[in-house]
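Order of listing sets the numbers, starting from 1, for every ligand and every atom in it.
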Amino acid sequence: MSHEDWHARWREGRIGFHEGAPNALLVRFLDRLGLAPGGRIFLPLCGKAEDLSWLRAGGFDVAGCDLSRFALDQVFAREGLSPVVTDGAVTRIEAERLTLFEGDFFDLEAPTLGPVDAVFDRAAMVALPDDLRGDYVRHLSRLAGGAPILLVTFDYDPARMEGPPFVVTAAEVEARYGATHDIERLSSEPLAGILAERSGGGREEGWLLTRR
Ligand SMILES: C[S@@+](CC[C@H](N)C(=O)[O-])C[C@H]1O[C@@H](n2cnc3c(N)ncnc32)[C@H](O)[C@@H]1O
């Protein structure tokens with residue numbers, strides 16, 4: 001999908017990926033990220049995920065990045081915040097313990113993002129096609145530094161459904177992260193809801209990636 005395709009999805013409300021509640025695997029496994037109170041967590045390709053609000057309410061410092069200003073503005077509105085906006089290669093939109101970057105994830109550099117203590121990747125890696133996922137993992141690893149990553153993936157028969165979300169198998173997680181991270185599979189559950197229907201079955205998996 002092109003950037004314009006994503007913008008069109010947001011404009012037209014075709015956002016079936018938006019959960020409208022904190023992600024169950026985030027809630028279940030947040031403690032495994034070892035975040036100290038006030039620690040900073042980064043959500044790449046964050047959309048307007050409720051996870052941003054849930055983490056902020058939990059006392060953490062939250063950062064995210066998305067192409068869609070339309071989505072990011074809704075997060076600040078939901079939080080009742082009037083952010084300060086600073087233009088740059090990516091636009092920095094910032095208020096109390098919430099910093100969202102509008103622009104291409106690949107244009108967000110580590111000094112602009114700032115320190116990161118943990119990463120939550122839900123519907124980010126799997127939103128990108130195979131030919132972008134290698135660059136995505138390398139760039140995310142640069143941004144994350146030594147921080148652990150909680151990753152959510154989907155595994156299903158690609159003949160049954162065209163992504164996004166794309167299939168990311170256990171073998172791919174190993175191939176893309178195995179040289180730099182210790183990998184622990186935290187959960188593997190049957191897909192539910194619309195994704196289960198569209199894909200004819202499959203699994204949602206949660207991973208803890210710890211930098212060696
Ligand atoms: C499948 S949605 C997931 C959103 C969010 N993580 C969630 O769980 O609801 C993928 C998001 O990635 C954003 N996106 C796609 N390509 C991007 C890129 N290159 N840079 C920044 N954001 C991007 C889209 O605008 C969209 O909001």
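Between D51 and R122 there is no salt bridge, since no side-chain nitrogen of the basic residue lies less than 4.0 Å from a carboxylate oxygen of the acidic one. R28 has a carboxylate O that lies under 4.0 Å from a charged side-chain N of E189, or vice versa, which qualifies the two as a salt bridge. Between R56 and E50 there is no salt bridge, since none of the side-chain N atoms of the basic residue sits less than 4.0 Å from a carboxylate O of the acidic one.
You'll find the ring centres of F154 and W207 outside the 6.0 Å limit.
To the nearest 0.5 Å, atom CD of residue E96 and atom CD of residue E94 are 11.0 Å apart.
Counting heavy atoms only, L67 comes closest to atom 17 (C) of ligand 1 of the residues L26, L72, L67. Between the choices L43, L45, D66, the shortest heavy-atom distance to atom 26 (C) of ligand 1 belongs to D66. Between atom 9 (O) of ligand 1 and the options E19, R122, M125, the minimum heavy-atom separation is to R122.
Put simply, part of H3 is less than 4.0 Å from ligand 1, judged by heavy atoms. At least one heavy atom of C46 lies less than 4.0 angstrom from ligand 1. Contact between G103 and ligand 1 is present, with at least one heavy atom of the residue lying under 4.0 Å from the ligand.
T180 places a side-chain heavy atom less than 4.5 Å from the side chain of R211.
Where the criterion is an N or O separation shorter than 3.5 Å, residue side chain and backbone included, D104 meets it with respect to ligand 1. Annotation: L128 places no N or O atom under 3.5 Å from an N or O atom of ligand 1; distance criterion only. Residue-to-ligand polar distances keep D51 apart from ligand 1: every N/O pair is separated by 3.5 Å or more. Where the criterion is an N or O separation shorter than 3.5 Å, residue side chain and backbone included, S68 fails it with respect to ligand 1.
Below 30°, between 30° and 60°, or above 60°: for F42 and F105 the angle between ring planes is below 30°, a parallel geometry.
The contact set between ligand 1 and F105, taken as ligand atoms under 4.0 Å from a residue heavy atom, comprises 18 (C), 20 (N), 21 (C). Interface of A123 with ligand 1, defined as ligand atoms under 4.0 Å from a residue heavy atom, comprises 1 (C), 2 (S), 3 (C), 8 (O), 10 (C).
The backbone N or O of A179 lies less than 3.5 Å from a partner atom in the side chain of R212, making a donor-acceptor pair.
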